Amino acid sequence: MTTATHVEEERMILDTVRKLAQERVAPRAAEIDATGEFPWDMKDLLAENGILGLPFAEEYGGIGASELTILKVIEELSKADATTGLLLAVQQLGSLPIMLAGSPEQKERYFPKLAAGEWLAAYGLTEPGSGSDAGAMKTRADKQGDTYVLNGLKHFITNAGLAHVNVIFAKTDTSAPGTRGISAFIVESDRPGFRLGRVENKMGIRGSQTGELVMEDCVIPAANLLGREGEGFKIAMMTLDRTRPGVAAQALGIAQGALDVAVKYAKERVQFGKPIAENQGIQFMLADMATEVEAARQLLYHAADLIDAGAPNFGRFSAMAKMYCSDIAMKVTGDAVQILGGYGYMKEFPVERMMRDAKICQIYEGTNQIQRVVIARDLLR
Ligand code: COS
């Protein structure tokens, strides 16, 4: 993505996304939050405008956009509605294991419909007893002839029950300790023995469907193995290194959205005979918020540049961006609620939703404590 045509194409994509985010996404955000229903209209909007195709190569009908462009798009969408921003982030999360480890046949089979937004993707790593300790999974896959039979339960899975393409991590060698003996599989939603379990009721990103994937003697062809047996944990970690910036971009968008609302409100809200923005106490809060948002943005874009340049040790920066962007999103949205005072606490204004949406960014795709582990290990090795 370095030619002048590509640069121009990406600028046009961002212009389109900004317009769509303001005109089509923002007006739906409160309703998506209130109903907690998956926004199929937003999914269609992104699909029709080629946005879900951004991470996929042109040969599969995608755009093959740079990571920086993908992140800017997630940021713009999340500024208007974090649930809609997540649609693109999870399409990338669920597809990246196939991009990293899939065979040409597997890519050919799944990418065209994923790029078109006809199919959604999901990433099935977490289990009830295996969150931060991702290697402690219990789901197993037993080789039987030219099939694998999967048994187990994945939970807290974004797009559970909606995704056609589910990447599932399972133990193929149960005698192997810890993270060893784990393999990655593609499980299509219509495989026998595969079903949606419980659907969660969440604090934020309420339109995104989060739930359990249940596998009971679920039979898949052996050809659905990704890479080789035993490579699953590495594929999972390499995927998260690449996708954590997507969470960072979502958090950054939420933070910028809350800052914009707070600035506008502070200029309009009159107390003691003048706009509250004329009080230095409010000005200092806004100045800190804007500085934190900008610092977070520069860290995230730097991580994206490293990914786009193929730098070997980008994982540390990816973790830093995820951690910092989500931490400042939590702080900035909280401050925005404070600046709006009683109105900030009401659903009439968007900042309380933004505060709830920001929280998950400190938790998913690895808690911010795990990000610190990743950063420290890289520093100290
Ligand atoms: N890229 C490639 N390989 C990696 C890797 C990475 N980023 N991180 C670890 N590995 C490899 C290691 O090199 C090691 O390989 P060998 O067995 O060949 O030596 C193997 O994976 C195990 O690594 P490690 O010993 O570091 O594993 P741990 O059990 O200590 O776990 C953390 C490491 C905590 C970093 C990992 O479990 C993790 O990221 N947990 C959070 C999971 C998460 O984000 N969950 C959210 C679900 S998705 S919404």
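First listed ligand is number 1; within each ligand, the first listed atom is number 1. Starting from 1, each residue takes its place in the sequence as its number. Owing to the predicted nature of the structure, the values given are computational and were not obtained by experimental measurement.
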> Can you tell me if D260 and Q256 form a side-chain donor-acceptor pair at under 3.5 Å?
Replying inline: yes

> In terms of atom number and element, which parts of ligand 1 are under 4.0 angstrom from non-hydrogen atoms of D241?
Replying inline: 1 (N), 6 (C), 7 (N)

> Would you call the rings of Y265 and Y343 parallel, tilted or perpendicular, where under 30° means parallel and over 60° means perpendicular?
Replying inline: tilted

> Less than 3.5 Å between some nitrogen or oxygen of R180 and one of ligand 1, yes or no?
Replying inline: yes

>> I need the nearest protein heavy-atom contact for atom 34 (C) of ligand 1: residue, atom name and distance, please.
In response: I370 CD1, 3.9 Å

> Aromatic rings Y110 and W119: how do their planes relate, parallel, tilted or perpendicular, breaks at 30° and 60°?
Replying inline: tilted

>> What I want to know is whether Y364 and ligand 1 share at least one N or O pair that is separated by under 3.5 angstrom.
In response: no

> If we only count N/O pairs under 3.5 Å, is T126 in contact with ligand 1?
Replying inline: no

> Using the benzene-type ring in the case of Trp, are the ring centres of Y123 and F169 under 6.0 Å apart?
Replying inline: yes

>> Under 4.0 Å, heavy-atom basis, I'd like to know which part of L240 is in contact with ligand 1: side chain, backbone, both or neither.
In response: side chain

> Is the count of non-hydrogen atoms from other residues, nucleotides or ligands lying under 6.0 Å from R24 atom CZ greater than 12?
Replying inline: no

> Can you tell me which residue and heavy atom of the protein come closest to atom 31 (O) of ligand 1, and the distance to 0.1 Å?
Replying inline: F233 CZ, 4.0 Å

>> Please state which option from R377, E365, M237 has its nearest heavy atom closest to atom 5 (C) of ligand 1.
In response: M237

>> If you count heavy atoms of other groups shown closer than 6.0 angstrom to CD of E268, is the number above 12?
In response: yes

>> Return the closest protein heavy atom for atom 35 (C) of ligand 1 as residue, atom name and distance.
In response: V374 CG2, 4.0 Å

> Is any N or O atom of T179, backbone or side chain, closer than 3.5 Å to an N or O atom of ligand 1?
Replying inline: no

> Only one of V293, L300, L299 clears side-chain contact (heavy atoms from CB on, under 4.5 Å) with R297; which?
Replying inline: V293

>> Please tell me if atom 22 (C) of ligand 1 is touched by the protein, where touching means a protein heavy-atom distance below 4.0 Å.
In response: yes

> How far is atom 12 (C) of ligand 1 from its nearest protein heavy atom, and which residue and atom is that?
Replying inline: K234 CE, 4.7 Å

> How about E348: does its CD atom have over 12 heavy atoms from other parts shown lying under 6.0 Å from it?
Replying inline: no

> Can you tell me which residue and heavy atom of the protein come closest to atom 48 (S) of ligand 1, and the distance to 0.1 Å?
Replying inline: Y123 CE2, 3.8 Å

>> With a 6.0 Å cut-off (strictly less than), is the heavy-atom count around CD of Q338, excluding the residue itself, greater than 12?
In response: no

> Counting heavy atoms not belonging to R206, are there more than 12 under 6.0 Å from its CZ?
Replying inline: yes

> Can you tell which of K154, R242, Q371, R244 gets a heavy atom nearest to atom 44 (O) of ligand 1?
Replying inline: R244

> What atoms in ligand 1 come closer than 4.0 Å to a heavy atom of M238?
Replying inline: 1 (N), 2 (C)

> Do R372 and D327 sit within salt-bridge range, that is, some charged N less than 4.0 Å from a carboxylate O?
Replying inline: yes

> Any N/O of G366 closer than 3.5 Å to an N/O of ligand 1?
Replying inline: yes

> Would you say ligand 1 has an N or O under 3.5 Å from any N or O of S132?
Replying inline: yes

